[in-house]
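Let me begin by presenting the structure, written as structure tokens, before commenting on it.
Here, residue 1 is the first one in the sequence, and each next residue gets the next number. Counting convention: from 1, in listed order, for ligands and their atoms alike.
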Amino acid sequence: MEAIEDIVIVGAGIAGLTTALGLHRLGIRSLVLESSDGLRTTGFILTTWTNAWRAMDTVGIGDSLRQQNNQLFGLQTASSSSGLPTAEIQFDALGTQRGHEIRCLQRRTMLETLANELPSSTIRYSSKVVSIEESGYLKLVHLSDGSVLKAKVLIGCDGVNSAVAKWLGFKKPSFVGRSIIRASVYYEHGHSFEPKSFRYFGEGVRSGVIPSDDKSICWFFTFPSSSKNEEMEESPAKMKQFVLGKLGKIPDNLRAAIEKTELDNIVLSQLKIRPPWEILLGNISKTNVCVAGDAFHPMTPDIGQGGCAALEDGVVLARCLGEALRDKQGMSSEEEYKRIVRGLQSYAKERRWRAFELISTGYLLGYIQQSNGRVLNFLRDRVLANFLAGLPLKMASYDCGKLRAS
Ligand SMILES: Cc1cc2nc3c(=O)[nH]c(=O)nc-3n(C[C@H](O)[C@H](O)[C@H](O)COP(=O)(O)OP(=O)(O)OC[C@H]3O[C@@H](n4cnc5c(N)ncnc54)[C@H](O)[C@@H]3O)c2cc1C
């Protein structure tokens with residue numbers, strides 16, 4: 001007979017590893033099943049905002065990551081139609097947004113740091129979950145190699161195409177009619193960009209650049225598209241050519257960075273979200289199963305919060321489960337099950353509106369910034385510029401709290 005696992009987490013991304021680490025800090029063991037044969041080390045940098053640093057501090061990885069990654073000190077926006085600046089916000093101690101901490105992190109560095117803090121047996125690689133079945137108070141988790149695990153709690157941190165979200169009744173995330181091309185550029189002798197996030201909008205497209213450290217930067221370009229970009233999908237050279245042809249009036253150093261980009265470092269992705277009303281009406285948890293991270297709230301990257309929100313989820317989920325499983329010695333299976341169900345319900349309650357707010361804000365901001373209508377463009381560049389530039393900071397002010405309820 002298979003052993004019973006207390007907590008099974010599907011997916012070793014930011015959400016899965018943060019949840020596992022939060023639980024570990026509370027003395028609770030979990031098992032993380034990851035379909036790949038190692039951590040996903042590909043992908044570019046993530047902008048991590050104040051809310052993410054609070055969560056990273058809570059699980060005990062903030063300080064080591066701070067030492068390796070430079071801070072950003074401002075956000076500047078400009079119109080790529082006129083070439084004129086529209087808004088500027090400073091994050092530094094003397095600026096308009098005191099107390100904010102924004103840094104760029106390599107996804108790989110964050111995942112490795114989280115994984116290195118976990119006991120070595122926590123992550124089981126090459127373990128793809130293919131289906132889930134009920135069995136009394138337990139869930140049977142079927143893997144692609146034919147094996148079956150029994151779990152008292154099942155947490156889906158399995159990304160946008162989540163099998164667990166599907167089991168909970170969520171539909172596939174919806175394509176928003178926009179795509180993004182991203183790339184990183186390495187400068188052997190250092191680059192000329194200030195430590196700020198720069199964004200340019202106009203003519204229905206949006207571009208930007210974020211320096212990740214003294215020698216590398218990451219740029220992005222979002223544009224309206226159909227669900228397939230067949231022409232470009234297989235050809236980074238075409239992607240680069242496409243971007244260079246659509247940039248409008250942007251600074252020379254950004255244009256030069258795009259020209260210099262190596263073709264191996266360019267990727268194209270479609271932007272998908274879970275519609276906000278599904279977040280309000282759907283089952284974030286059902287019995288002893290729940291979702292976190294992109295499996296729960298895939299969002300557009302316009303406010304750079306998907307990964308940050310996955311960190312918040314991990315902290316809140318660990319706290320709710322920690323409370324539910326406290327003093328469980330001698331408890332009957334039924335009582336334990338009921339406590340788990342209630343713990344996951346509190347997690348869902350705490351996260352539902354936050355996820356709704358993040359998805360809606362990101363979508364609206366992206367829509368307005370990428371708009372090509374004359375009236376909306378006028379409002380965006382002349383009337384609402386400071387308000388819009390401040391929205392990411394507003395979203396970043398959130399505090400997900402500590403691992404133990406006081
Ligand atoms: C273009 C772009 C730019 C972005 N920029 C930012 C940014 O600047 N800042 C920010 O905070 N966020 C950003 N994000 C969002 C961020 O990347 C995601 O929100 C974050 O990676 C979600 O983490 P996750 O752990 O929920 O999911 P994932 O990172 O997708 O991890 C899911 C894991 O589950 C595994 N898995 C999947 N299915 C199974 C299965 N059936 N069985 C077992 N394992 C499985 C996968 O292999 C993977 O390792 C951006 C996203 C995009 C697309």
Side-chain angles (χ1 to χ4, degrees), residues 8-20 31-53 55-56 72 102-108 110-111 114-115 123-132 141-145 149 154-167 173 176 178-184 197 206 208 210 212 218-222 267-274 291-314 317 355 358-359 362 366 392 395-396:
V8 170
I9 298 171
V10 189
I14 300 171
L17 295 182
T18 309
T19 308
L31 174 68
V32 180
L33 301 174
E34 168 56 47
S35 55
S36 310
D37 57 6
L39 288 179
R40 198 176 123 199
T41 51
T42 53
F44 296 113
I45 59 164
L46 297 172
T47 312
T48 45
W49 302 79
T50 315
N51 56 321
W53 287 98
M56 285 190 266
L72 295 180
I102 294 114
R103 296 171 197 266
C104 286
L105 285 189
Q106 297 282 350
R107 181 191 301 273
R108 176 178 50 80
M110 188 192 284
L111 292 182
L114 285 164
I123 309 175
R124 195 181 292 173
Y125 293 107
S126 305
S127 303
K128 184 179 166 75
V129 172
V130 286
S131 64
I132 301 151
V141 183
H142 293 261
L143 304 188
S144 58
D145 63 4
L149 291 173
L154 178 65
I155 303 174
C157 297
D158 43 348
V160 276
N161 299 313
S162 168
V164 182
K166 188 175 168 197
W167 186 87
V176 297
R178 298 193 287 133
S179 294
I180 186 166
I181 296 175
R182 303 179 278 167
S184 60
S197 175
R206 180 174 175 274
I210 308 161
S212 32
C218 180
W219 60 260
F220 68 84
F221 180 83
T222 55
V267 290
L268 185 152
S269 330
Q270 292 172 8
L271 301 185
K272 293 183 181 172
I273 60 168
R274 190 166 312 292
V291 273
D294 275 8
F296 167 17
H297 43 58
M299 61 185 80
T300 55
D302 304 288
I303 48 170
Q305 277 286 352
C308 304
L311 284 157
E312 289 177 4
D313 288 345
L317 185 47
L358 287 171
I359 296 176
M395 294 301 111

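The minimum heavy-atom distance between Ala355 and Phe296, with the atom names listed, is CB-CZ, 3.7 Å. Heavy atoms only, all atoms of each residue included: Cys104 and Ser212 are closest at CB-CA, 3.8 Å. Taking both residues in full, the closest heavy atoms of Gly314 and Thr18 are given as CA-CG2, 4.0 Å, listed atom of the first, atom of the second, then distance. Contact between Ala115 and Leu39 at its shortest, heavy atoms only, is CB-CD1, 3.8 Å. Looking at every heavy atom in both residues, Ala55 comes nearest to Glu312 through CB-N, 4.2 Å. Across Ser269 and Arg182, no two heavy atoms sit closer than the pair OG-NH2, 4.0 Å.
In terms of protein heavy-atom proximity, atom 27 (O) of ligand 1 is nearest to Gly159 CA, 3.8 Å. Nearest non-hydrogen protein atom to atom 6 (C) of ligand 1 is Leu46 CD2, 3.6 Å. For atom 41 (N) of ligand 1, the closest heavy atom belonging to the protein is Val129 O, 3.0 Å. The protein heavy atom nearest to atom 36 (N) of ligand 1 is Ser35 OG, 3.7 Å. Among all non-hydrogen protein atoms, the one lying nearest atom 39 (C) of ligand 1 is Asp158 CB, 3.7 Å. The nearest heavy-atom contact from the protein to atom 51 (C) of ligand 1 is Pro301 CB, 4.3 Å. Given atom 49 (O) of ligand 1, the protein heavy atom at minimum distance is Glu34 OE1, 2.7 Å. Among all protein heavy atoms, the one lying closest to atom 17 (O) of ligand 1 is Arg107 NH2, 3.0 Å.
At a 4.0 Å cut-off, at least one heavy atom of Ser127 sits close enough to ligand 1 to count as contact. Note on ligand 1: Ser36 sits in its first shell, one or more heavy atoms being nearer than 4.0 Å.
Here is the list of ligand 1 atoms found below 4.0 Å of a heavy atom in Arg182: 1 (C), 2 (C), 3 (C). Within ligand 1, counting atoms from 1 as listed, the ones closer than 4.0 Å to a heavy atom of Cys308 are 11 (O). Near Arg40, with a cut-off below 4.0 Å to any heavy atom, the atoms of ligand 1 are 28 (P), 29 (O), 30 (O). Set against the non-hydrogen atoms of Leu33, the atoms of ligand 1 under 4.0 Å away are 43 (C), 44 (N). Residue-ligand proximity, Ile180 to ligand 1, at heavy-atom distances under 4.0 Å covers atoms 1 (C). Near Thr47, meaning under 4.0 Å from one of its heavy atoms, ligand 1 places the atoms 7 (C), 8 (O), 9 (N), 10 (C), 11 (O). For ligand 1 and Gly293, the ligand atoms under 4.0 Å from any heavy atom of the residue are 26 (O). Every atom of ligand 1 with a heavy atom of Cys157 under 4.0 Å away is listed here by number and element: 32 (C), 33 (C), 34 (O).
Of the inter-residue distances, the one linking Asn161 atom CG with Asp294 atom CG reads 10.0 Å to the nearest 0.5 angstrom. Of the inter-residue distances, the one linking Ile9 atom CD1 with Thr19 atom OG1 reads 5.0 Å to the nearest 0.5 angstrom.
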>> Set out, in order, the CA-CA distance, both residues' side-chain angles and the distance that settles side-chain contact (heavy atoms from CB on, under 4.5 Å) for Leu143 and Val129, then state yes or no.
In response: CA-CA 4 Å; Leu143 304 188; Val129 172; 3.7 Å; yes
>> Between Val291 and Arg274, is the side-chain contact (heavy atoms from CB on, under 4.5 Å) condition met? List the steps.
In response: CA-CA 13 Å; Val291 273; Arg274 190 166 312 292; over 6 Å; no
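Partner Val141 forms a side-chain contact (heavy atoms from CB on, under 4.5 Å) with one of Leu31, Leu33, Val130 and no other, that one being Leu33.
Atom CG of Asp37 is surrounded by 12 or fewer heavy atoms from other residues, nucleotides or ligands within 6.0 Å.
Among the atoms of Gly304, some N or O lies under 3.5 angstrom from an N or O of ligand 1. Taking distance alone, with nitrogen or oxygen atoms compared against 3.5 Å, Ile14 approaches ligand 1 more closely than that limit.
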